[in-house]
There are 2 protein chains.
Amino acid sequence: MSKSLIELTPVQTVACCSPLMKEPLTADAAERIAPLVKALADPVRLRLLSLVASHEGGEACVCDLNDAFDLSQPTISHHLKVLHEVGLLDRSKRGVWVYYTVRPEALTDLGALIGGVAG
Amino acid sequence: MSKSLIELTPVQTVACCSPLMKEPLTADAAERIAPLVKALADPVRLRLLSLVASHEGGEACVCDLNDAFDLSQPTISHHLKVLHEVGLLDRSKRGVWVYYTVRPEALTDLGALIGGVAG
DNA sequence: CCCAGATATCGACATCTGTCAATATAGATT
DNA sequence: AATCTATATTGACAGATGTCGATATCTGGG
């Protein structure tokens, strides 16, 4: 491990880790990965991510996402922020609208970490 | 979908779902999958799972696990229970000792769901 | 049968989390 | 500028969660 884990974001940590099943996670790595998993550990955020990811071009407007749920607009905004902060979604503003896009590597790396495919 | 989701456990739900990125999760599926992800969304449980999984034969005694953490025995017991209840770990008692083993399919399926590998 | 050790359960507590209503901000249109 | 619409932020609150100490349960050995 050439770089100290301290400098890495959750996504970067996941990208460089062996699968869960191959060798024990260090306490540091676990502390760093948990927030990423936690961001996924909510039914609304799972659906949000899935909606964005499966949308045309892996990109969706907040206005569309709001309509897909029976939740207040601030609540959806909050969940999107959580997903954005851990690096699972990117934001881009175009005019009045905000578009969120998935970061496929982040999902792929996390899937590999959990699923045991070589990472 | 031939069987109602209502009859499926979290692990079974994950096993039958398309990857997050392929098509939008239904609200039902998301509600069912979230507990499984939530069980992983804690640094202690990530390490526990990783310790068990990477142990000899994918099996570890609680006594060994307790020693790996600076936490009380009831706390470790609680975390193991969480992992067991969602189906990520199996329990087996041999004499006074309790051994936990990973369910590799559960991890593999969850990894595929998140990572986008065909499920 | 009683004790000692391993693990689980209980009850309590502080902290974190999801949600909403109210409000703020920012961009487009008139 | 005034206003409308889209999104974010704030503050509040109920409920969930991680942790511990105390205690219960189970099992093997004396």
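Throughout, protein chains are lettered first and strands after them, A, B, ... in sequence-line order, and every chain is numbered starting at 1.
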* Structure fact -> Between B:L89 and B:H84 the two heavy atoms that sit nearest each other are O-ND1, 2.9 Å
* Going through the distances and angles, do B:Y100 and B:V62 end up as a side chain to side chain contact (heavy atoms under 4.5 Å, CB included)? -> CA-CA 7 Å; B:Y100 281 91; B:V62 175; 3.4 Å; yes
* **Results of side-chain contact (heavy atoms from CB on, under 4.5 Å) for A:P74 - residues two or more places apart only** => A:S72
* **Check: A:P104 main-chain N/O paired with A:T108 side-chain donor or acceptor under 3.5 Å** => yes
* Using the test side-chain contact (heavy atoms from CB on, under 4.5 Å), find all partners of B:H78 that sit at least two apart in sequence or belong to another chain. => B:V82
* To do: Give the rounded distance in Å between these two atoms: NZ of B:K38 and P of D:dG15.
  => 15 Å
* **Distance, nearest 0.5 Å, that separates CD1 of B:I114 from CG of A:L110** => 5.0 Å
* Asked: Atom CZ of B:R91 and atom C1' of C:dA6: how far apart are they, to the nearest Å?
  -> 11 Å
* Enumerate the residue pairs fulfilling salt bridge (charged side-chain N to carboxylate O under 4.0 Å, His left out) with a member in residues 66-83 of chain A, sequence neighbours excluded, ordered by first and then second residue. => none
* Among residues 47-59 of chain A, which contact DNA chain C at a heavy-atom distance under 4.0 Å? -> none
* Asked: Can you find a side chain N or O atom of A:R45 that sits less than 4.0 Å from OP1 or OP2 on C:dG18?
  -> yes
* Asked: Quick one: side-chain hydrogen bond (donor to acceptor under 3.5 Å, both in side chains) partners of A:E59, sequence neighbours excluded?
  -> A:R94
* To do: Search all heavy atoms of B:A106 against all heavy atoms of B:G87 and return the closest pair with its distance.
  => CB-O, 3.8 Å
* List the protein contact pattern of nucleotides 25-30 of chain C with one symbol per nucleotide (5' to 3'): B for base contact, S for sugar-phosphate-only contact, - for none; contact means a heavy-atom distance under 4.0 Å. => -SSS--
* To do: Identify, with sequence neighbours excluded, every residue that meets side-chain contact (heavy atoms from CB on, under 4.5 Å) alongside A:Q73.
  => A:N66, A:S77
* To do: Tell me what A:Y99 touches on the nucleic acid: a base, only sugar-phosphate, or nothing, going by heavy atoms under 4.0 Å.
  => nothing
* Could you state the atom-to-atom distance from CG of B:N66 to P of D:dT19 in whole Å? => 13 Å
* In whole Å, what is the span from the CG atom of A:L83 to the P atom of D:dT7? -> 16 Å
* Asked: Using the C1' atoms of five pairs at each end, what's the angle between the two axes of the helix from C:dC1-D:dG30 to C:dT30-D:dA1, to 10 degrees?
  -> 10°
* After noting the C-alpha distance and the side-chain angles of B:L88 and B:R103, does the key distance pass the side chain to side chain contact (heavy atoms under 4.5 Å, CB included) rule? -> CA-CA 6 Å; B:L88 287 170; B:R103 311 235 297 181; 6.0 Å; no
Throw together a table of side-chain donor-acceptor distances under 3.5 angstrom for residues 34-53 of chain A, partners on residues two or more places apart or in other chains.
residue : atom : partner : partner atom : Å
A:D42   : OD1  : A:V44   : N            : 2.8
A:D42   : OD1  : A:R45   : N            : 3.1
A:R45   : NE   : A:A39   : O            : 2.6
A:R45   : NH1  : A:H79   : ND1          : 3.0
A:R45   : NH2  : A:K38   : O            : 3.3
A:R47   : NH2  : A:A68   : O            : 3.4
A:S50   : OG   : B:L20   : O            : 3.1
A:S50   : OG   : B:E23   : O            : 3.1
A:S50   : OG   : B:L25   : N            : 2.9

* For DNA chain C, which residues in residues 73-82 of chain B have a heavy atom at a distance below 4.0 Å? -> B:Q73, B:P74, B:S77, B:K81
* Rounded to the nearest Å, what distance is computed from the CD atom of residue B:E85 to the P atom of nucleotide C:dT9? -> 9 Å
* To do: Using whole Å, report how far CG of B:D42 lies from C1' of C:dT15.
  => 13 Å
* Asked: How is the hydrophobic cluster of A:W97 composed, in terms of its other members, when Ile, Leu, Val, Met, Phe, Trp and Tyr link through side-chain heavy atoms under 4.5 Å apart, directly or indirectly?
  -> A:V96, A:Y99
* Asked: Looking for any heavy atom pair under 4.0 Å, which part of the strands does A:F69 touch: base, sugar-phosphate only, or nothing?
  -> nothing
* B:D64: what forms a salt bridge (Lys or Arg N to Asp or Glu O under 4.0 Å) with it, not counting sequence neighbours? -> none
* d(CG, A:L46; P, C:dT17) in whole Å -> 16 Å
* Asked: Which nucleotide sits closest to the side chain of B:C61: D:dT17, D:dT7, C:dT7?
  -> C:dT7
